[in-house]
Participant: 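Before I ask anything, let me first share the structure, which is written out below as structure tokens.
Residue numbering restarts at 1 for every chain, and letters A, B, ... go by the order of the sequence lines. Values reported hereafter were calculated over all heavy atoms of this structure, with side chains retained and with hydrogens, waters and symmetry mates removed.
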Amino acid sequence: MTNQITANIHETKEMTINMGPQHPSTHGVLRLEVVLNGEVVTRVHPHIGYLHRCFEKYAEAMDDYSKVIPYTDRIDYVSAMNQEHGYVIAVEKLLQLEVPERVEYVRVILAELQRIASHLLGIGTFGLDLGAFTPFLYCFIEREKILTIFEKISGARLLYNYICVGGLMRDVPDSFKPETADFVKTFRPKIKELNDLLSYNQIFIDRTANIGVLPAEVALNYAASGPMLRGSGVSWDLRKNDPYSIYDRFEFDIPVGTGEVGTVGDCWDRYMVRVREMEQSLVIIEQALEQMPDEGNVMEAVPKRIRMKEGEIYVRTETPRGELGYYIISDKSSSPFRVKVRAPSFVNLSILPAISRGALLSDLVAIVGSIDIVLGEVDR
Amino acid sequence: MPTAMKQPEEIAAYLNDHIDEGVLGFVPAEVGQPWISVAPDTVKKIAKFLRDDQELRFNTLMCLSGVHYPAEQELGVTYHLHSTTLGHTVALKARVPIDNPRVQSVESIWKTADWHEREAWDMLGIVFDGHPNMARILCPDDWIGHPLRKDYVQQETYMGVTTRF
């Protein structure tokens, strides 16, 4: 017998399997219909909608623009502050409402804290998908500190209903500033710890480098956004490229994928953009804390009743997952005529079939993890 | 190379100069953003021009939304485009009668339109001609009706389970 292996021994019949809807690595209820040849993925069809609640119909049914805010929390439940922020900015722009300085600063600080919390969850669960359990716990310890700050100001840990049209539900307590400053100080060394533990771990690099490569032009054609786009080397961040709120007042960098351990746009690049973004969020928070006025009535600009003119607007903000767009049409009545949410996870997930062709089944887990989807946002 | 950022009205004028038919007009806005009205059966041609023209270079489709206008008995599609190279933004709108809601698909121009168009079909019942897979995306395949239409009535049961609670 020779040990020559002929090609047809390895030829197998195509097989279709379901990954999910109940599967630990799909981050919720997502069903991937995977067509396999041996262990190689030939096609993936994502089936979504298991968490569909028709947010847009709820929004139309509300008799006040403010009443939509609690629902926006539930679109992306791990970055609720960012969701509220985006919606409120859209409504304020339609109302042509000026917001007090102090409110803007508090909102930015909360948005950046939420970005860190969300990235910690994304990074932790990504590691978990690939078998690294400990970093997940480290991430959650830090995330917990942010949630405690949020709990003190809003009374809730995940779904805040805190940012309202024209202001904030209530002023932040006196302890907010020192506690946030303290968090920034203690969190910085933890990023280094995380890098030692996970980012530059050889096993982790082997699982993520050169996997699921997304070229920049494909990413743009699919309108990818957030770390998904920046991981492909495109320096695109709405906080810099289309500044909203007061982001034009801060100095910060936009981390992009460089192919440090593999190819530009691979899973590791997307992951690392998130890690580096957390550092930049800390930089923004520090500046905001310094510039924030101590006095000011956060309820000053809150309208008693929202009276809309006829018009429509598309406003986009940078959430941890990318470009969150709200398209609001007002027809003068007190309830919105149409609210469409352009959810970043929805768009980013639509790229999955394009980048997972030819990958191994176990790499598909890494690719899905690196997109950092939240199914609440995909399905709305 | 004249490559500068354009305002929506300039883009509308530019489209009028370069495209023979399909550009129906520019609608300015008192509040919010203005838009350009286009004919539904020319959407693809206009989209291709918007993407490939050197003065416009709309390389991303930010959002595609379906809308139901019950007063006019019409459905509409709104396209929000952005050029990452030139930095300008524009909104296009196409309106179709509700009894024949057919719009050309732009999936071949911007891949991101694939899922957005499926969503608009699922939620509002707009048919996109030329889409490779016009299937429901958020609701189950055998769901009845299109939830985001203003006159939508939810079905009583689905697979023997009551849908109201």
Participant: Could you check whether any side-chain N or O of B:D122 sits under 3.5 Å from a backbone N or O of B:I137, counting only pairs where one atom can act as donor and the other as acceptor?
Facilitator: yes

Participant: Examine whether an atom of B:H116 lies under 4.5 Å from a heavy atom of chain A, and if so say whether it belongs to the side chain, the backbone or both; otherwise answer neither.
Facilitator: both

Participant: Looking just at side-chain N and O atoms, do A:R31 and A:Y50 make a donor-acceptor pair shorter than 3.5 Å?
Facilitator: yes

Participant: Under a 4.5 Å cutoff for heavy-atom pairs, which residue among B:C63, B:A29, B:P34 has the most contacts with chain A?
Facilitator: B:C63

Participant: Which bit of B:N59 is near chain A, if near means a heavy-atom gap under 4.5 Å: side chain, backbone, both or neither?
Facilitator: both

Participant: Can you name the nearest heavy-atom pair linking A:V339 to A:P336, along with the distance?
Facilitator: CG2-CB, 3.6 Å

Participant: Identify which of B:V31, B:L138, B:T78 forms the greatest number of heavy-atom pairs closer than 4.5 Å to chain A.
Facilitator: B:L138

Participant: Using non-hydrogen atoms only, which part of B:R149 is less than 4.5 Å away from chain A: side chain, backbone, both, or neither?
Facilitator: backbone

Participant: Counting heavy-atom pairs closer than 4.5 Å to chain B, which one of A:G311, A:S350, A:S330 comes out on top?
Facilitator: A:S350

Participant: What do the steps show when you test B:D114 against A:Y222 for side-chain hydrogen bond (donor to acceptor under 3.5 Å, both in side chains), and what is the final call?
Facilitator: CA-CA 9 Å; B:D114 184 353; A:Y222 271 99; over 6 Å; no

Participant: Report which part of A:L349 has an atom under 4.5 Å of a heavy atom belonging to chain B: side chain, backbone, both, or neither.
Facilitator: both

Participant: Can the positive tip of B:K150 be found less than 6.0 Å from the middle of the six-membered ring of A:F337, inside 45° of the ring normal?
Facilitator: yes

Participant: Need one label for B:L61: side chain, backbone, both or neither, based on atoms under 4.5 Å from any heavy atom in chain A.
Facilitator: backbone

Participant: Taking 4.5 Å as the heavy-atom cut-off, does anything in residues 312-327 of chain A contact chain B, and if so which residues?
Facilitator: A:E312, A:I313, A:Y314, A:R316, A:E323, A:Y327

Participant: Which residue out of A:N241, A:D379, A:I329, A:L220 racks up the most heavy-atom pairs below 4.5 Å with chain B?
Facilitator: A:L220

Participant: So, the side chain of A:R342 versus the backbone of B:M62: is there a donor-acceptor pair under 3.5 Å, distance only?
Facilitator: yes

Participant: A:E310 versus chain B, heavy atoms under 4.5 Å apart: side chain, backbone, both or neither?
Facilitator: backbone

Participant: For A:R53, is the CZ atom crowded, meaning more than 12 foreign heavy atoms sit under 6.0 Å from it?
Facilitator: yes

Participant: Testing B:I109, B:L81, B:I19 for side-chain contact (heavy atoms from CB on, under 4.5 Å) with B:L50, which one passes?
Facilitator: B:L81

Participant: Working to the nearest 0.5 angstrom, can you tell me the gap between A:R357 CZ and A:L364 CG?
Facilitator: 12.5 Å

Participant: Between A:D63 and A:K67, does any side-chain N to carboxylate O distance fall below 4.0 Å?
Facilitator: yes

Participant: Name the region of A:K93, side chain, backbone, both or neither, that has any atom closer than 4.5 Å to a heavy atom of chain B.
Facilitator: neither

Participant: Once rounded to the nearest 0.5 Å, what's the spacing between atom CD1 of B:I126 and atom CH2 of B:W121?
Facilitator: 10.0 Å

Participant: Is it the case that B:K6 places NZ or CZ above or below the six-membered ring of B:Y14, under 6.0 angstrom from the centre and within 45 degrees of the axis?
Facilitator: yes

Participant: Between B:R51, B:R136, B:E119, which shows the greatest number of heavy-atom pairs under 4.5 Å with chain A?
Facilitator: B:E119

Participant: Could you check which of B:H82, B:H68, B:E30 has the highest count of heavy-atom pairs closer than 4.5 Å to chain A?
Facilitator: B:H82

